[in-house]
Q: 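Dropping a structure here in structure tokens format, bear with me for questions.
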Amino acid sequence: MSKEIIPIESIPQKPNDSNSMDYEVVRNDDVVVHEDVLDLSIKCKSVISSHTVDIPHITSIIQESENYYLKKENEAMQLKLSHLSVSFNYENLSQNNELLQSYTGLPNNEIFMCLYNLLKNAEIHYHFQWKVEGINRQDQLLITLMKLRHNFPHFDLATRFKCSNGTITNIVITWINVLHNVLFLQCMNKIPSRHKNQTCLPNCFKPFFNCRIIIDCTEIYTSVSWQSMNIQRDTYSNYKHRNTWKILLGISPNGVVTFVSNLFPGSTSDKIITLKSGLLDQLVPGDLILADKGFLIRDILPPGVSLNLPPFLDTPQFTPEQVLQTETIAKARIHVERAIQRIKCYSILNFIPSKMLKQAEQIFKVIAALTNLQHPLIQEVQDKM
């Protein structure tokens with residue numbers, strides 16, 4: 001078959017103006033066209049400059065040029081999308097222990113996986129009665145830990161994990177309940193015996209060989225309830241000069257949090273909280289409690305249980321024996337304050353709004369249990385020394 005020949009004059013010519021791109025590098029959304037495209041353009045121009053044009057040949061060249069343009073533009077768009085759609089999830093965070101610790105409070109990926117393996121077979125009843133299937137359970141646990149640690153707004157977490165605010169609410173409330181059931185109710189349902197404590201007794205507790213628990217109270221701020229003047233009055237703390245909830249917390253001599261009471265109104269005394277918390281029911285004759293001066297609880301202790309408090313200053317100054325006693329007790333007691341400080345590092349406890357009061361008790365107990373997954377409290381002090 002003979003080739004179709006047409007006059008060169010019948011082919012439309014592109015005007016030669018300042019915008020001509022015949023020999024220039026073409027840029028389209030920061031995509032630089034390769035020099036091969038210029039070679040194709042030169043080929044097309046050489047064919048057109050001849051007296052006759054091979055239509056199938058020039059068509060294939062133009063098609064090849066267009067395909068090359070599309071391929072390069074597609075590659076550039078894919079590169080942009082890969083930068084814009086970096087997924088915020090556990091799989092990415094697990095590669096960086098420092099980043100994972102910052103977001104969750106857990107020391108490293110191994111501890112996170114131990115916690116996940118402990119929870120993955122737990123029975124989960126979602127708060128809103130519908131399952132979350134678009135986000136895997138590792139990421140659901142990550143979302144909950146991030147909420148506890150940093151108290152990110154739900155819309156922030158929803159944006160990070162590409163879901164709705166309602167999904168975040170469903171996940172957080174559900175997994176707080178799961179963590180409470182497993183970590184607190186199952187693992188912290190009873191304080192260790194003093195004989196068990198003696199197997200891992202730090203040096204600072206050698207003078208208190210029969211110590212069972214070290215206790216102290218802490219408070220968290222809460223919103224004022226205008227619906228009930230009684231609640232507003234009861235939650236007002238004269239010590240903090242704000243409305244608070246008060247909690248009794250106890251640690252074993254090795255620094256592990258072993259007891260957390262329910263929430264009490266901020267005006268409740270330490271003695272009443274100790275009496276109603278249920279702690280005294282777990283003590284047996286021969287046990288020793290270390291506490292601060294404010295715990296005037298000797299008259300409510302079970303028979304055979306002793307209490308060690310720093311001495312009161314009822315003379316112009318302490319005797320040398322009292323100074324030594326105060327120093328010895330302080331070295332042991334300070335660790336309960338350090339344990340409380342670890343708990344307070346979770347931003348969700350900075351302020352408890354009224355809409356969170358139903359979950360506030362569970363939240364505090366879960367956070368107390370999570371701090372036990374961090375590096376040993378007493379060991380950190382020994383390392384620094």
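Computed from a predicted structure; not experimentally measured.
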Q: Look up atom CG in L119 and atom CG in L183, then write down how far apart they are to the nearest 0.5 Å.
A: 6.0 Å
Q: Do other residues, nucleotides or ligands put more than 12 heavy atoms under 6.0 Å from E91 CD?
A: no
Q: Checking the side chain of D292 only, and the main-chain atoms of G294 only, is there a donor and an acceptor separated by less than 3.5 Å?
A: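 No, the answer is negative, given that no donor and acceptor are paired below the 3.5 Å cut-off.
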Q: Do L279 and I213 have side chains that get closer than 4.5 Å, going by heavy atoms?
A: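 Yes - at least one pair of side-chain heavy atoms lies under 4.5 Å apart.
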Q: Indicate the atoms forming the closest heavy-atom contact of N189 with Q186, along with that distance.
A: OD1-O, 3.9 Å
Q: Do F259 and L275 belong to the same hydrophobic cluster, where Ile, Leu, Val, Met, Phe, Trp and Tyr are linked whenever their side-chain heavy atoms lie under 4.5 Å apart, directly or via other members?
A: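 In one cluster with F259: L275, yes.
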Q: Please report the interatomic distance CG(L290) to SG(C211), rounded to the nearest 0.5 Å.
A: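 Here the interatomic distance stands at 4.0 Å.
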Q: What is the distance from atom OG1 of T167 to atom CG of L157, rounded to the nearest 0.5 Å?
A: 12.0 Å
Q: Hey, which of T268, N262, D270 is the one that makes side-chain hydrogen bond (donor to acceptor under 3.5 Å, both in side chains) with K246?
A: D270
Q: Okay, side chain of D287, backbone of V284: is any donor-acceptor separation there less than 3.5 Å?
A: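 Looks like yes, one N/O pair under 3.5 Å.
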Q: Tell me, yes or no, whether the heavy-atom count around L185 atom CG, taken from other residues, nucleotides or ligands under 6.0 Å, exceeds 12.
A: yes
Q: Any donor and acceptor pair, going by atom type alone, linking the side chain of S237 with main-chain N or O of R242 inside 3.5 Å?
A: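 The answer is no, because no donor-acceptor pair under 3.5 Å joins these two groups.
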Q: Any side-chain heavy atom of I352 within less than 4.5 Å of one from L263?
A: no
Q: May I have the step-by-step check of side-chain contact (heavy atoms from CB on, under 4.5 Å) for L106 and L100, ending in yes or no?
A: CA-CA 7 Å; L106 301 180; L100 186 67; 5.9 Å; no
Q: If two hydrophobic side chains count as joined below 4.5 Å and joins carry through other members, does V182 share a cluster with I173?
A: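 No: no chain of side-chain contacts under 4.5 Å links V182 to I173.
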Q: Is there a side-chain contact (heavy atoms from CB on, under 4.5 Å) between Y221 and N350 once you walk through the steps?
A: CA-CA 7 Å; Y221 297 133; N350 290 345; over 6 Å; no
Q: Taking it one step at a time, do H154 and K147 satisfy side-chain contact (heavy atoms from CB on, under 4.5 Å)?
A: CA-CA 8 Å; H154 284 197; K147 177 64 180 179; 3.5 Å; yes
Q: Are V305 and I297 linked, directly or through intermediate hydrophobic residues, by side-chain heavy-atom contacts shorter than 4.5 Å (ILVMFWY only)?
A: yes
Q: Answer yes or no: are there more than 12 heavy-atom neighbours, outside K344 itself, under 6.0 Å from its atom NZ?
A: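 Atom NZ in K344 is crowded, with more than 12 foreign heavy atoms closer than 6.0 Å.
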Q: Is a side-chain N or O of N210 found less than 3.5 angstrom from the main chain of G286, in a donor-acceptor match?
A: yes
Q: Tell me if a side-chain donor or acceptor on N109 pairs with a main-chain N or O of N97 at a distance below 3.5 Å.
A: no
Q: Are I176 and L148 close enough that some pair of their side-chain heavy atoms sits under 4.5 Å apart?
A: yes
Q: Which heavy-atom pair separates Q140 from T144 by the least distance, and what is that distance?
A: O-OG1, 3.0 Å
Q: With a 6.0 Å cut-off on the ring centroids, do Y90 and F112 count as close?
A: yes
Q: Would you find a donor on one side and an acceptor on the other, under 3.5 Å apart, between the side chain of S347 and the backbone of R149?
A: yes
Q: Are there more than 12 heavy atoms of other residues, nucleotides or ligands under 6.0 Å from atom CZ of F128?
A: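 Count over threshold, so yes.
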Q: What's the shortest heavy-atom distance between C200 and P202, and which atoms?
A: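 That would be O-CD, 3.3 Å.
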Q: Contact between S223 and F351 at the side-chain level, heavy atoms closer than 4.5 Å - yes or no?
A: yes
Q: Considering only heavy atoms from C-beta outward, does the side chain of F208 approach that of I329 to under 4.5 Å?
A: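 Of all side-chain heavy-atom pairs linking I329 with F208, at least one is under 4.5 Å.
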Q: Under a 3.5 Å distance rule, please check whether T169 uses its side chain to pair with a backbone N or O of N165 as donor and acceptor.
A: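 The answer is yes, because a donor-acceptor pair under 3.5 Å joins these two groups.
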Q: Counting neighbours of NZ on K331 that are heavy atoms of other residues, nucleotides or ligands and sit closer than 6.0 Å, is the number greater than 12?
A: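 Incorrect, the count does not exceed 12.
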Q: When you look at NZ of K276, are more than 12 heavy atoms from neighbouring residues, nucleotides or ligands closer to it than 6.0 Å?
A: no
Q: Check for a donor-acceptor pair, side chain of N92 on one end and backbone N or O of F88 on the other, with a separation under 3.5 Å.
A: no
Q: How far does CD1 of I289 sit from OG of S306, to the nearest 0.5 angstrom?
A: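 Here the interatomic distance stands at 8.0 Å.
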Q: Give me the atom names and distance for the closest heavy-atom approach of R333 to D216.
A: NH2-OD2, 3.2 Å
Q: Take H150 and Y346 through the test side-chain contact (heavy atoms from CB on, under 4.5 Å) and record every step on the way to the result.
A: CA-CA 6 Å; H150 294 284; Y346 283 77; over 6 Å; no
Q: In terms of the angle between their ring planes, are H180 and F184 parallel, tilted or perpendicular, with boundaries placed at 30° and 60°?
A: parallel
Q: Within the side chain of N372, is there an N or O that forms a donor-acceptor pair under 3.5 Å with the backbone of V256?
A: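 Absent.
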Q: Let me check something: do L370 and L118 share a hydrophobic cluster, defined by ILVMFWY side-chain heavy atoms less than 4.5 Å apart, either directly or through other members?
A: yes
Q: For residues I378 and P253, report the shortest heavy-atom separation together with the two atoms involved.
A: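 For I378 versus P253, the nearest heavy atoms are CG1-O, 3.8 Å.
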Q: For the residue pair C204 and A332, what are the closest heavy atoms and their distance?
A: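 Between these two residues, the closest heavy atoms are O-CB, 4.0 Å.
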Q: With rounding to the nearest 0.5 Å, note down the distance linking OG1 in T258 to CD1 in I191.
A: 6.0 Å
Q: Any link between L301 and I272 through a network of hydrophobic side chains (Ile, Leu, Val, Met, Phe, Trp, Tyr) touching at under 4.5 Å?
A: no
Q: Parallel, tilted or perpendicular: which one describes the rings of Y103 and F152, with boundaries at 30° and 60°?
A: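 Aromatic pair Y103/F152 classed tilted.
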Q: Using modelled atom types and a 3.5 Å cut-off, is there a donor and acceptor pairing between side-chain atoms of R338 and backbone atoms of L377?
A: yes
Q: Are V366 and I348 packed together at the side-chain level, in the sense that at least one heavy-atom pair is separated by less than 4.5 angstrom?
A: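 No. Closest side-chain heavy atoms not under 4.5 Å.
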Q: To the nearest 0.5 Å, what is the distance between CD1 (I251) and CD1 (I214)?
A: 4.5 Å
Q: Less than 4.5 Å apart, side chain to side chain, heavy atoms only: is that true for F264 and L248?
A: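 F264 vs L248: side chains apart.
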Q: Less than 4.5 Å apart, any side-chain heavy atom of K71 and any of N74?
A: no
